[in-house]
Amino acid sequence: MPLTIYNSRTRRKEPFTPIHPGEVRMYVCGVTVYDDAHIGHARCYVAFDAIHRHLLARDYRVTYARNFTDIDDKIIRRAAELNLAWDEVARRYMDSFGADMAALGVLPPTIEPRATEHIPEIIAQVQDLVRRGHAYALDNGDVYFAVRSFPAYGGLSGRDLEDMMAGARVEVDNRKQSPMDFALWKSSKPGEPAWDSPWGPGRPGWHIECSAMSQKYLGATFDIHGGGKDLLFPHHENEMAQAEAATGQPFVRYWVHNGFVQINSEKMSKSLGNFFTIKDILKTTRPEGLRLFLLSKHYRSPLDFSETAIKDAAAGLERLYTALLAAEQAADSDAAPVPAWLKEIEQANADFEQGMDDDFNTAGAIGALFGLARTTNRLAGEAPSPARDAGLKLCAGKLRELGGRLGILKEDPQQFLQGQAGQAGQTGQGEAAAAQGPDPAWIEAQIAARQAARKAKNFAEADRIRNELTGLGVLLEDGPQGTRWRMKG
RNA sequence: GGCGGCGUAGCCAAGUGGCAAGGCAGCGGACUGCAAAUCCGUUAUUCACCGGUUCAAAUCCGGUCGCCGCCUCCA
């Protein structure tokens with residue numbers, strides 16, 4: 001089954017055919033670095049990480065560019081608030097974003113271009129647009145894109161230019177040729193950061209950096225351009241207009257937009273005060289649990305964030321790790337696995353691939369992963385035999401492989417299940433120390449004491465010890481090989 | 001007003017023409033000293049509602065109701 005992708009421009013799923021066989025060039029709009037990234041950013045970049053990983057698994061050579069907008073009005077404003085230089089603000093939040101992405105296990109893009117490092121390319125593209133009659137400069141040094149000069153304007157987002165101009169929400173600026181014209185270059189006021197240009201000192205408009213940088217690294221026409229749904233208009237519409245007006249060639253083959261994270265079915269926003277940063281969430285939630293939650297729904301649908309949803313995801317992740325633990329504890333074996341089991345494993349694999357090929361349906365793929373966990377647990381319940389162990393080894397490998405495709409199941413299962421005990425920093429975010437549990441050596445000693453009591457049939461004492469541990473969040477599991485423990489998730 | 005999306009069990013969520021995946025929670029059973037974990041079974045004759053097309057619809061078409069997003073900086 002071929003890979004299909006929903007294209008926002010055509011509003012349909014289409015079979016994916018890259019421009020250059022075996023190669024995919026993808027650009028995703030990154031962040032404006034003026035504040036810590038929030039869960040909405042996490043959703044976007046985890047979703048595109050899953051897409052990135054699937055393309056790699058399909059053996060495409062992927063060039064993935066994700067930019068930083070490191071000069072912008074919001075950064076300038078934030079710099080004034082913090083009494084810092086604008087570029088220090090940008091540096092600080094680029095570092096913060098990098099740390100968040102690393103904590104979430106997002107694979108680094110191939111290129112992370114920054115607007116301020118591409119001023120010559122940006123100016124060159126603005127000049128092209130002026131030369132071709134698609135842009136005009138004002139006396140004050142602002143340069144605008146003339147939407148009237150580009151008949152296809154509105155085609156990406158399905159809007160009609162006349163309708164938009166009739167809309168009451170467009171501010172009328174008499175200096176512009178058309179109310180919908182947007183800034184390519186903004187003249188700077190005294191004291192603001194500025195770069196020299198043919199129109200005087202200024203800085204780039206928001207949209208131009210993405211068309212200039214994406215085309216520099218990926219070519220005039222490239223395969224996939226992504227971002228949050230809100231960017232469809234005006235950002236991507238404007239990008240497309242700039243790029244196609246400047247080159248006369250189609251800009252992007254597949255436009256991909258992720259849906260929003262919502263809080264109680266409402267948009268998350270600073271003004272509503274229902275705002276969560278990635279760092280906040282990782283204080284109490286482990287990164288893989290957050291990832292499983294973020295990927296549990298299709299990337300185009302809205303995703304409702306809540307404590308319950310995070311808990312459910314954590315419980316599911318525990319189930320997967322429990323299966324992985326059972327699978328990895330099997331003895332090494334070179335026996336042939338029983339065909340019926342082999343078939344189940346292959347079926348789970350096929351279901352996973354089918355889900356991912358169908359517009360990156362991670363929710364369906366996760367279902368397949370749970371199916372594999374069930375197979376694993378059933379197999380683990382069989383009488384020990386070389387064939388069983390061989391099957392379990394296959395399960396272990398497949399759980400790791402498919403889990404890895406979603407960026408989960410990367411830890412040692414035993415450590416994961418006991419993770420919050422004794423040791424801090426499981427999440428890589430120092431604050432996790434707050435969730436620190438009892439000392440593992442002490443737990444083992446309690447278990448030994450309970451074992452002795454059980455042997456003596458002193459079940460009252462055994463239960464007392466177990467209850468004490470349960471109260472501390474330590475769950476005991478008595479099995480044929482003795483008692484295991486794990487932390488309650 | 002324009003454009004787009006959503007409404008599937010107690011909760012979350014796949015499925016876009018052929019007997020309704022999966023997770024969480026619940027219930028019954030197996031296992032266990034009792035539990036936990038795990039396994040087995042069970043939990044929607046039904047997919048917001050009303051009509052229509054079809055041998056066959058959650059899936060296609062028309063309408064109704066409800067919710068949300070974009071149209072303004074925004075992942």
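In the text below, chain A, chain B and the rest are named by the order of the sequence lines, each starting its count at 1. Here the structure is a predicted model, which means the values were calculated and not measured.
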Have a look at [X] and say if it touches a base, only the backbone sugar-phosphate, or nothing, with a 4.0 Å heavy-atom cut-off.
{"X": "A:V28", "answer": "nothing"}
{"X": "A:G367", "answer": "base"}
{"X": "A:A363", "answer": "base"}
{"X": "A:F260", "answer": "base"}
{"X": "A:G371", "answer": "nothing"}

Is the closest basic N to carboxylate O distance between [X] and [Y] below 4.0 Å?
{"X": "A:R78", "Y": "A:E81", "answer": "yes"}
{"X": "A:R454", "Y": "A:D478", "answer": "yes"}
{"X": "A:E382", "Y": "A:R378", "answer": "no"}
{"X": "A:D463", "Y": "A:R450", "answer": "no"}
{"X": "A:R291", "Y": "A:E288", "answer": "no"}

Does atom CD of A:E307 have more than 12 heavy-atom neighbours, drawn from other residues, nucleotides or ligands, at distances under 6.0 Å?
no
Protein heavy-atom contacts under 4.0 Å, written 5' to 3' over nucleotides 27-42 of chain B as B (base), S (sugar-phosphate only) or - (none), form the string ------BBBBSSSS--
Span that lies between the [atom1] atom of [M] and that of [N], in whole angstrom:
{"N": "B:rA44", "M": "B:rU8", "atom1": "C1'", "result": "8 Å"}
{"N": "B:rC61", "M": "B:rG17", "atom1": "P", "result": "12 Å"}
{"N": "B:rC31", "M": "B:rA57", "atom1": "C1'", "result": "44 Å"}
{"N": "B:rC27", "M": "B:rC65", "atom1": "P", "result": "41 Å"}
{"N": "B:rU32", "M": "B:rU38", "atom1": "C1'", "result": "12 Å"}
{"N": "B:rU53", "M": "B:rG63", "atom1": "C1'", "result": "15 Å"}
{"N": "B:rU16", "M": "B:rA58", "atom1": "P", "result": "13 Å"}
{"N": "B:rC39", "M": "B:rC6", "atom1": "C1'", "result": "37 Å"}

Spacing between [X] atom [atom1] and [N] atom [atom2], to the nearest angstrom:
{"X": "A:F275", "N": "B:rC74", "atom1": "CZ", "atom2": "P", "answer": "14 Å"}
{"X": "A:E307", "N": "B:rC24", "atom1": "CD", "atom2": "P", "answer": "18 Å"}
{"X": "A:E237", "N": "B:rC71", "atom1": "CD", "atom2": "C1'", "answer": "12 Å"}
{"X": "A:R11", "N": "B:rG2", "atom1": "CZ", "atom2": "C1'", "answer": "12 Å"}
{"X": "A:R159", "N": "B:rG69", "atom1": "CZ", "atom2": "P", "answer": "15 Å"}
{"X": "A:D312", "N": "B:rG22", "atom1": "CG", "atom2": "P", "answer": "16 Å"}
{"X": "A:M268", "N": "B:rG69", "atom1": "CE", "atom2": "P", "answer": "13 Å"}
{"X": "A:Q262", "N": "B:rC67", "atom1": "CD", "atom2": "P", "answer": "14 Å"}

Residues passing the side chain to side chain contact (heavy atoms under 4.5 Å, CB included) test with A:H38, sequence neighbours excluded, are A:H41, A:M268, A:F275
With sequence neighbours excluded, what pairs up with A:D87 under the side chain to side chain contact (heavy atoms under 4.5 Å, CB included) test?
A:A85
Could you tell me which residues satisfy salt bridge (charged side-chain N to carboxylate O under 4.0 Å, His left out) with [X], sequence neighbours excluded, listed by chain and number?
{"X": "A:R405", "value": "A:E353"}
{"X": "A:E112", "value": "A:R66"}
{"X": "A:K410", "value": "none"}
{"X": "A:R9", "value": "none"}

Could you tell me the Watson-Crick or G-U partner of [N], where both distances fall under 3.5 Å? Say none if there is no partner.
{"N": "B:rA44", "answer": "none"}
{"N": "B:rC65", "answer": "B:rG7"}
{"N": "B:rA25", "answer": "none"}
{"N": "B:rU32", "answer": "none"}
{"N": "B:rA37", "answer": "none"}
{"N": "B:rG17", "answer": "none"}
{"N": "B:rU54", "answer": "none"}
{"N": "B:rC70", "answer": "B:rG2"}

What are the atom names and distances for every N/O pair under 3.5 Å that joins the protein to nucleotides 17-19 of chain B?
none

Would you please name every residue forming a ring pair (Phe, Tyr, Trp, His ring centres under 6.0 Å) with A:Y27, sequence neighbours left out?
A:H225
Who pairs with A:F352 by ring pair (Phe, Tyr, Trp, His ring centres under 6.0 Å), at least two apart in sequence or on another chain?
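In terms of ring pair (Phe, Tyr, Trp, His ring centres under 6.0 Å), with neighbours along the sequence ignored, A:F352 is linked to no residue.
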Heavy atoms from C-beta onward define the side chain here; which of [options] lies closest to that of [X]?
{"X": "A:K267", "options": "B:rC70, B:rC3, B:rC68", "result": "B:rC70"}
{"X": "A:V261", "options": "B:rC3, B:rC24, B:rA75", "result": "B:rA75"}
{"X": "A:F233", "options": "B:rC74, B:rC71, B:rA14", "result": "B:rC71"}
{"X": "A:F370", "options": "B:rG22, B:rC24, B:rC70", "result": "B:rG22"}

Tell me, which of residues 35-45 of chain A have any heavy atom that sits under 4.0 Å from an atom in RNA chain B?
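Correct list: A:H38, A:G40, A:H41, A:C44, A:Y45.
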Summary of side-chain hydrogen bond (donor to acceptor under 3.5 Å, both in side chains) pairs that have at least one residue in residues 363-377 of chain A, sequence neighbours excluded
A:E344-A:T375
